[in-house]
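Here's the structure we're looking at; comments come further down.
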There are 2 protein chains.
Amino acid sequence: MPKPGPGLRLIDVAQRAGVSLATASRALAGRDGVSAEVASRVRQVSEELGYVANPYARTLAGGSSSTVGLIVHQVDDPYFSEIAGGVIQLADEQGLLVQICHSGRDPGNELRQIRNLIAQRVGIILVAGSGYGDPDVESEARTVLAGYQRGGGRVAVIGRHALGADAVLPDNEAGGQALGEHLLGLGHRRIALVAGTPELNTVIDRMAGVAAALRAYGLSLADVPVVHTDFVREGGRIATERILREHPDTTAIIALNDAMAMGVLAVLRERGIPVPDRMSVVGFDDVSVAGDLAPSLTTIRLPMTDMGRMALELALKPPTSRPRRRPTGQQLVIRDSTGPAPASPAPASPAPAGPVPNKRQASHP
Amino acid sequence: MPKPGPGLRLIDVAQRAGVSLATASRALAGRDGVSAEVASRVRQVSEELGYVANPYARTLAGGSSSTVGLIVHQVDDPYFSEIAGGVIQLADEQGLLVQICHSGRDPGNELRQIRNLIAQRVGIILVAGSGYGDPDVESEARTVLAGYQRGGGRVAVIGRHALGADAVLPDNEAGGQALGEHLLGLGHRRIALVAGTPELNTVIDRMAGVAAALRAYGLSLADVPVVHTDFVREGGRIATERILREHPDTTAIIALNDAMAMGVLAVLRERGIPVPDRMSVVGFDDVSVAGDLAPSLTTIRLPMTDMGRMALELALKPPTSRPRRRPTGQQLVIRDSTGPAPASPAPASPAPAGPVPNKRQASHP
DNA sequence: AGCGCTTTCGTAAGCGCTTTCGTAAGTCGG
DNA sequence: CCGACTTACGAAAGCGCTTACGAAAGCGCT
């Protein structure tokens, strides 16, 4: 294991400034008990020498850590990378460092990462995820985090309620409803729902919104095929194949996030099913590439970068007795992947499986 | 600043195992001087109690830090987030934590982040970037990192040579050449180059490859318009607008990364210029969405995730006297954004600026 | 002048760990 | 059966910092 360099110590600064170690420490920490004159002298010497406190020593002695741990499902998922970008942005402004961990979409793993970060004595833990499926893990996590908070640790969660911590939360239900209303308003009645794993509260809330929209049109979730798969691109692919097979008359697909919507679009493209002429598709999140997809994706915009910032802001504030909730805006962005429902009902036969009529086949390797 | 919790201490484990602090430390560190019997007893107790060493104390005492610092331009840029994903993956397997910093594409900032990480005494520094424009900053960074390495720190860079450290490096020149040959082979002769800022060595190398391809066809870089802009999506937009204005007869655009290529495609779409029928476009990197773009993008595939892993692997190995270079594969992926050069020369008049003939206008907000 | 009070600063005690050093056993040849 | 080694472990000295705590000095008050 590599060793960090030696580096300037506080005592060097103190000596150079002609004061004791303790005084130098106080001066740099900005606490009182030091005359203004001495304080500024110390600060100046420190500046000149380019002194930076050893964070390990500082944390060990003072018990205060300046690093924030961020747990995401996967950092190369655009949804999470944008959140991470926001966190890092603000952390940098505040002179904090950010530890990123992957939970890999696995609750057990997420719990392990939380434990790990606590053991690492980070001062702040941010959990960006979609909630637990497993209630045991859920309550265990809540317990662990409660202990951590009792010990002075700060916690905020992003995109989920629960865990007894401050939360930055979009109105997933309103978003789902907007999506449903948009499609229903375009005349679609044979809508399929590509949902993530059914335990994620994100999925539950977004589905509830869709259900509300359906209800307004005299329909219910029972009337639409709902396919639960992984909350990622591949999940969208699998779900779409199943929908095309089992419900070939579908005219619109709601994917509960953009990642799955990308999988949906990919399958439709491969099958040569024109979007939106024969099938409308919507996503959720508005990841930055959503507007560049083929076709550009109608979706609900979530301010991921801001969400990251807000979560860290929340965690940085003095804690309150009750967990705070901070809403984020969400907004329907209409692009090219949605259009009016086809006038004539779609053919009852499944889409052709052979070579497709469209211009050129993607060489998706 | 939040305080990390108290937590189990090594002495607790030692007492429970009926040995001294020192013996427990040795046992858990796996060094010899401890009988096998005692060692296993200590390990078992530690396991049972769920003991995790306080990394701050450990680092302070032993001088060894188990966190790796990763500097990227911007973590929500897919190129970098995929690299980060690879680093985090391997780090997690190895029980290391990852600190992520943004350089924001600014060499001065990058240097600042390096200094910061060194001050934070991380054990490993990974720099993913494209090299410095400013030679002063470059040599300063090299000096700082050399001192860090002398002190036992490990350094590896990703996607650039230089800095006197181990490097994971794609053959950017070969990639550029493959791109050029692909387009030239399709009959394109009026090719424009959307390059990033001219100081990045990534840009220089990729351009050199393109130049080599041109040479084989009796052309040179002097014959093609080269637009240097920011190495991001917006840069691609700006460059494309300029190319369309100043060189309306262009039939193919080479963007030196996918981010810029996305900007190129966006402008072409807005202007209603069909790709690839009237204009072919290629990118470089093959970020994960490249195949889902409108149209899907012909590009050079780089194994970003592996590059992240490899860089950390390199840094974890015992250092060598000379910096190592580890090549990464790169491979042309042909998709829908390239096609034969239009038979008739493009019209000399600029593309229509008004409403476009294609199906529907993106509502890019 | 003498008292308590505040302000300013130094001394020293850790934070939890690694590691050097010393010591009590055990090993061995003679 | 004894000195010279080896082996297994404990005591203690830090790593660089923060933060009680206490001493010294300056202040107004009686």
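So that the names make sense, note that chain A is the first sequence line, chain B the second, and so on, each numbered from 1.
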* To the nearest Å, how far apart are D32(A) CG and dT8(C) C1'? -> 11 Å
* Secondary structure string for DNA chain D (Watson-Crick or G-U under 3.5 angstrom, | for other-strand pairs) -> ||||||||||||||||||||||||||||||
* Apply side chain to side chain donor-acceptor pair (under 3.5 Å) to R115(A) and list each qualifying residue two or more places apart in sequence or on a separate chain. => E140(A)
* Asked: What residues form a salt bridge (Lys or Arg N to Asp or Glu O under 4.0 Å) with E93(A), not counting sequence neighbours?
  -> R309(A)
* Asked: Starting at CG of N54(A) and ending at P of dT18(D), how long is that distance when rounded to a whole Å?
  -> 10 Å
* **V68(A) and L97(A), any side-chain heavy atoms less than 4.5 Å apart** => no
* Asked: Nearest-Å distance, CZ (R58(B)) to C1' (dG14(D))?
  -> 17 Å
* Using the salt bridge (charged side-chain N to carboxylate O under 4.0 Å, His left out) rule, pick out the option among E199(B), E110(B), E138(B) that qualifies with R160(B). => E110(B)
Any N/O pairs under 3.5 Å between the protein and nucleotides 9-13 of chain D? List them or say none.
residue, atom, partner, partner atom, Å
dC9(D), OP1, S35(B), OG, 3.3
dC9(D), OP2, S35(B), N, 2.6
dC9(D), OP2, S35(B), OG, 3.2
dG10(D), OP1, S20(B), N, 3.3
dG10(D), OP2, S20(B), N, 2.7
dG10(D), OP2, S20(B), OG, 2.8
dG10(D), OP2, T23(B), OG1, 2.4
dG10(D), N7, R26(B), NH2, 2.9
dG10(D), O6, R26(B), NH1, 2.9
dG10(D), O6, R26(B), NH2, 3.2

* **Donor + acceptor pair across side chains of D92(A), Q113(B) (<3.5 Å)** => yes
* A315(B) and I124(B): which non-hydrogen atoms are nearest, and at how many Å? -> CB-CG2, 3.7 Å
* Asked: Can you check whether R9(B) has a side-chain N or O nearer than 4.0 Å to OP1 or OP2 of dC15(C)?
  -> no
* Non-neighbouring partners of P303(B) that pass side chain to side chain contact (heavy atoms under 4.5 Å, CB included), sequence neighbours left out -> D306(B), M307(B), T328(B)
* Within this structure, what is the CG-to-P distance between D12(A) and dC15(D), rounded to whole angstrom? -> 12 Å
* **Side chain of S25(B) (C-beta onward), nearest among dG16(C), dT19(C), dT18(D)** => dT19(C)
* Asked: Which residues pass the side chain to side chain donor-acceptor pair (under 3.5 Å) test with S20(B), sequence neighbours left out?
  -> T23(B)
* To do: Would you tell me if any nitrogen or oxygen in the side chain of Y51(B) comes within less than 4.0 Å of OP1 or OP2 on dC17(C)?
  => yes
* Whole angstrom value for the distance that separates C1' of dG16(C) from CD1 of I11(B) -> 10 Å
* May I ask you to decide if L21(A)'s main-chain N or O and S25(A)'s side chain share a donor-acceptor pair within less than 3.5 Å? => no
* Asked: Quick one: Q120(B) CD to dG16(D) P, roughly how many Å, whole number?
  -> 16 Å
* Asked: Rounded to whole angstrom units, what separation is found between the CG atom of L60(B) and the P atom of dT18(C)?
  -> 11 Å
* Asked: In whole angstroms, how far is the P atom of dC17(C) from the OH atom of Y56(B)?
  -> 14 Å
